Asks: 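Got a structure here, written out as structure tokens. Questions coming.
When a ligand or atom number is given, it counts from 1 through the structure's own listing order. All figures in this text were calculated on a predicted structure; none of them were measured in a lab.
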Amino acid sequence: SAVEQSYIMIKPDGVQRGLVGEIISRFEKKGFILKGLKLFQCPKDLAQEHYKDLKEKPFFPKLIDYITSGPVVCMAWEGDGVVASARKLIGATNPLQAEPGTIRGDLAVQTGRNVVHGSDSPDNGKREIGYQCLPQLRVLVLLLASFQVAA
Ligand code: DAT
Ligand code: MG
């Protein structure tokens with residue numbers, strides 16, 4: 001299978017609860033390659049863009065408040081089949097339904113506090129990792145594009 005990347009994000013509750021090392025070690029022990037990492041306070045507009053597929057859901061405003069409530073750890077992990085494999089390591093969205101041995105199954109109880117995000121497809125992996133260039137850089141690119149149109 002093709003080498004691909006998954007965007008893995010330790011959510012604010014995972015950072016606040018001191019689970020960063022524990023979560024990273026699960027991906028390291030599995031054998032995936034860490035290609036990028038940063039601690040990041042996600043602005044609201046970027047959180048909304050990241051979760052845009054869910055914007056009609058009733059829980060969307062709470063989800064955005066939660067993701068922007070404190071720093072998150074943003075990571076790009078690489079390897080054969082990493083997207084599907086990371087989803088297995090992470091476990092079901094509702095931690096009470098996640099199998100023991102998975103990150104959510106072992107470390108969380110609430111859907112709205114499920115400690116970690118993992119991309120659901122290779123395309124979304126690319127999209128989500130792509131957001132993690134600095135927001136200022138995105139603004140600059142838009143500005144340059146508009147200058148080009150004007151020129
Ligand atoms: P996942 O994070 O497993 O990919 P998702 O993409 O369906 O799940 O939803 C993104 C996040 O939104 C999820 O991690 C937690 C929150 N969420 C999903 N369903 C929810 C629900 N029914 N109530 C509250 N929060 C929910
Ligand atoms: Mg998802």
Asks: Out of curiosity, is Asp120 lining ligand 1, as in a heavy atom under 4.0 Å away?
Replies: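 Judged by the 4.0 Å heavy-atom criterion, Asp120 does not count as contacting ligand 1.
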
Asks: Determine whether the aromatic ring centres of residues Phe32 and Trp77 are separated by less than 6.0 angstrom.
Replies: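 Ring centroids of Trp77 and Phe32 are no less than 6.0 Å from each other.
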
Asks: Can you tell me if Lys57 contacts ligand 1 (heavy atom of the residue under 4.0 Å from the ligand)?
Replies: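 No.
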
Asks: List ligand 1 atoms under 4.0 Å from Asn114, heavy atoms only on the residue side.
Replies: 13 (C), 14 (O), 15 (C)

Asks: In ligand 1, which numbered atoms sit nearer than 4.0 Å to a non-hydrogen atom of Leu63?
Replies: 11 (C), 12 (O), 16 (C)

Asks: For Lys11, state whether at least one heavy atom is located under 4.0 Å from any atom of ligand 1.
Replies: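 For ligand 1, residue contact (heavy atoms, under 4.0 Å) with Lys11 is present.
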
Asks: Does the pair Phe60 and Gln48 meet the rule for a side-chain contact (heavy atoms from CB on, under 4.5 Å), with working shown?
Replies: CA-CA 9 Å; Phe60 186 73; Gln48 287 164 343; 4.0 Å; yes

Asks: My understanding is that only residues two or more places apart in sequence, or in another chain, count here; which of them pass side chain to side chain donor-acceptor pair (under 3.5 Å) with Glu99?
Replies: none

Asks: Of the protein's non-hydrogen atoms, which lies at the shortest distance from atom 4 (O) of ligand 1, and what is that distance?
Replies: Arg87 NH1, 2.7 Å

Asks: Return the closest protein heavy atom for atom 17 (N) of ligand 1 as residue, atom name and distance.
Replies: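 The closest heavy atom on the protein side is Phe59 CE1, 3.4 Å.
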
Asks: State yes or no: do Val116 and Leu34 share one hydrophobic cluster built from I, L, V, M, F, W and Y residues joined by side-chain heavy-atom distances below 4.5 Å, directly or via other members?
Replies: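 Yes, it is one cluster - the side chains of Val116 and Leu34 are joined through contacts under 4.5 Å.
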
Asks: Can you name the atoms of ligand 1, numbered from 1 with element, that are less than 4.0 Å from a heavy atom of Tyr51?
Replies: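 In order of number, 10 (C).
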
Asks: Out of Ile64, Leu54, Asp53, Val116, who is nearest to atom 9 (O) of ligand 1 when you count heavy atoms only?
Replies: Leu54

Asks: Are the side chain of Arg17 and the backbone of Leu107 linked by a donor-acceptor contact shorter than 3.5 Å?
Replies: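 A pair under 3.5 Å: yes.
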
Asks: Compare Ile67, Thr111, Thr93 and give the one whose heavy atom is closest to atom 8 (O) of ligand 1.
Replies: Thr93

Asks: Would you say Arg104 contacts ligand 1, with heavy atoms under 4.0 Å as the rule?
Replies: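 Yes; Arg104 lies near enough to ligand 1 that a heavy-atom distance drops under 4.0 Å.
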
Asks: Is it true that the NZ or CZ of Lys57 lies under 6.0 Å from the centre of Phe59's six-membered ring and within 45 degrees of the ring axis?
Replies: no

Asks: If the plane angle is over 60° it's perpendicular, under 30° parallel, otherwise tilted; pick one for His50 and Tyr7.
Replies: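 His50 and Tyr7: perpendicular rings.
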
Asks: Check the pair Leu19, Ile103 against side-chain contact (heavy atoms from CB on, under 4.5 Å), reporting the backbone distance first and the verdict last.
Replies: CA-CA 10 Å; Leu19 299 175; Ile103 295 168; over 6 Å; no

Asks: Can you tell which part of Gln110 has a heavy atom less than 4.0 Å from ligand 1: side chain, backbone, both or neither?
Replies: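 The answer is neither.
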
